[in-house]
Trainee: 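Here you go, one structure.
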Amino acid sequence: QVQLVESGGGLVQPGGSLRLSCASSGRIFSEYLVSWYRQAPGKERELVATISRGGTTTYVDSVKGRFTIYRDNAWNAVYLQMNSLNPEDTAVYYCNSDNKFWGQGIQVTVSS
């Protein structure tokens, strides 16, 4: 059984940084596409970033240059480093593996 667990969210001031983590049990992350999505109140879930099996990364335009998705195969984890956060980044962030499995989501709030 595959389980994904996100951590690292919280409250941060505009301009600050957070690093989200997604840990997997039952699945070796390096063998699959892993994505981060987010959903803000009243909005549809949005794809934020992906990292392919080969390490290719893609980002939604609104986070390019500010967010970085990367793997740590030793820890079987995928991270989302988020810098220069602004209030529009406030959302529940979800980890997804291979377009099949979802984490429970974690809140990120950017506010002064």
Side-chain angles (χ1 to χ4, degrees):
Q1 185 175 357
V2 176
Q3 286 189 316
L4 306 181
V5 179
E6 299 101 336
S7 61
L11 174 64
V12 64
Q13 292 187 342
S17 298
L18 283 175
R19 188 183 76 162
L20 303 183
S21 302
C22 178
S24 171
S25 61
R27 172 160 287 211
I28 300 174
F29 260 163
S30 61
E31 298 179 356
Y32 297 93
L33 177 76
V34 179
S35 304
W36 284 97
Y37 286 76
R38 66 185 179 186
Q39 189 166 19
K43 294 187 177 181
E44 294 186 353
R45 192 169 294 189
E46 172 187 44
L47 176 61
V48 175
T50 64
I51 184 165
S52 72
R53 179 177 176 179
T56 301
T57 58
T58 62
Y59 302 91
V60 68
D61 284 348
S62 60
V63 308
K64 284 180 180 177
R66 301 189 298 122
F67 290 12
T68 303
I69 185 172
Y70 63 99
R71 300 180 189 273
D72 185 333
N73 293 335
W75 289 96
N76 199 30
V78 171
Y79 302 94
L80 185 68
Q81 177 66 45
M82 306 186 295
N83 299 327
S84 301
L85 285 161
N86 59 62
E88 290 69 38
D89 296 315
T90 295
V92 177
Y93 284 71
Y94 298 89
C95 179
N96 175 278
S97 175
D98 207 33
N99 296 316
K100 293 179 181 178
F101 301 101
W102 293 90
Q104 79 286 354
I106 192 162
Q107 178 69 46
V108 171
T109 302
V110 185
S111 176
S112 56

Trainee: Under a 3.5 Å distance rule, please check whether Asp98 uses its side chain to pair with a backbone N or O of Lys100 as donor and acceptor.
Mentor: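 No; zero donor-acceptor contacts below 3.5 Å.
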Trainee: Is it true that, when you exclude Glu44 itself, more than 12 heavy atoms of the residues, nucleotides or ligands shown sit nearer than 6.0 Å to its CD?
Mentor: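 It does not: Glu44 CD has 12 such atoms or fewer within range.
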Trainee: Walk me through whether Asn99 and Leu33 qualify under side-chain contact (heavy atoms from CB on, under 4.5 Å).
Mentor: CA-CA 8 Å; Asn99 296 316; Leu33 177 76; 3.9 Å; yes
Trainee: Val60, Leu20: one ILVMFWY side-chain cluster at the under-4.5 Å cut-off?
Mentor: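 Result: yes, single cluster for both.
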Trainee: Taking the side chain as everything from C-beta on, heavy atoms only, tell me whether Leu85 gets closer than 4.5 Å to Phe67.
Mentor: yes
Trainee: Starting from Val12, can I reach Trp36 by hopping between I/L/V/M/F/W/Y residues whose side chains sit under 4.5 Å apart?
Mentor: yes
Trainee: Taking atom CG of Asp72 and atom CZ of Phe29, what is their separation to the nearest 0.5 Å?
Mentor: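 Here the rounded value is 11.5 Å.
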Trainee: First locate atom CG of Leu47, then atom OH of Tyr59, and finally report the distance between them rounded to the nearest 0.5 Å.
Mentor: 11.5 Å
Trainee: When the ring planes of Trp102 and Tyr94 are compared, do they come out parallel, tilted or perpendicular, using 30° and 60° as the limits?
Mentor: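 Correct class here is perpendicular.
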Trainee: Run the numbers on Leu11 and Ser111 for side-chain contact (heavy atoms from CB on, under 4.5 Å), then give the verdict.
Mentor: CA-CA 7 Å; Leu11 174 64; Ser111 176; 4.1 Å; yes
Trainee: Supply the atom-to-atom distance Met82 CE to Arg66 CZ, rounded to the nearest 0.5 angstrom.
Mentor: 9.5 Å
Trainee: Under 4.5 Å between side-chain heavy atoms, hopping through other hydrophobics if needed: is there a path connecting Val63 to Tyr79?
Mentor: no
Trainee: What pair of heavy atoms forms the shortest contact from Ala49 to Leu80, and how long is it?
Mentor: CB-CD1, 4.1 Å
Trainee: Okay, side chain of Asn76, backbone of Ser24: is any donor-acceptor separation there less than 3.5 Å?
Mentor: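 Here the side-chain-to-backbone pair exists.
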Trainee: Looking at Thr56, is its backbone amide N or carbonyl O close enough to the side chain of Ser52 to form a donor-acceptor pair, meaning the two atoms are under 3.5 Å apart?
Mentor: yes
Trainee: Treating Glu31 as the side-chain partner and Arg53 as the backbone partner, does any N or O pair qualify as donor plus acceptor under 3.5 Å?
Mentor: no
Trainee: For residues Val92 and Val78: do they belong to one hydrophobic cluster (side chain heavy atoms under 4.5 Å, members Ile, Leu, Val, Met, Phe, Trp, Tyr)?
Mentor: no
Trainee: Provide the closest heavy-atom pair for Ser17 versus Ser84 in the form atom of the first, atom of the second, distance.
Mentor: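 Residues Ser17 and Ser84, closest heavy atoms: OG-N, 4.3 Å.
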Trainee: Any heavy-atom pair between the side chains of Pro14 and Asn86 that's under 4.5 Å?
Mentor: no
Trainee: Roughly how far, to the nearest 0.5 Å, is the OG1 atom of Thr90 from the CZ atom of Arg38?
Mentor: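 Reported value, rounded in 0.5 Å steps: 9.0 Å.
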Trainee: For Arg19, is there any backbone N or O sitting under 3.5 Å from a side-chain donor or acceptor partner on Gln81?
Mentor: no
Trainee: In terms of hydrophobic clustering (I, L, V, M, F, W, Y; side-chain heavy atoms under 4.5 Å; direct or indirect links), are Leu18 and Ile51 co-clustered?
Mentor: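 The answer is yes; both residues are in one hydrophobic cluster.
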Trainee: How long is the straight-line distance from CD1 of Ile106 back to OH of Tyr93, given to the nearest 0.5 Å?
Mentor: 11.5 Å
Trainee: So which atom in Ala91 and which in Ala40 form the shortest heavy-atom distance, rounded to 0.1 Å?
Mentor: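 Heavy-atom minimum between the residues: CB-N, 3.8 Å.
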Trainee: Distance check, rounded to the nearest 0.5 Å: Tyr37 atom OH versus Cys95 atom SG?
Mentor: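 Those atoms lie 11.0 Å apart.
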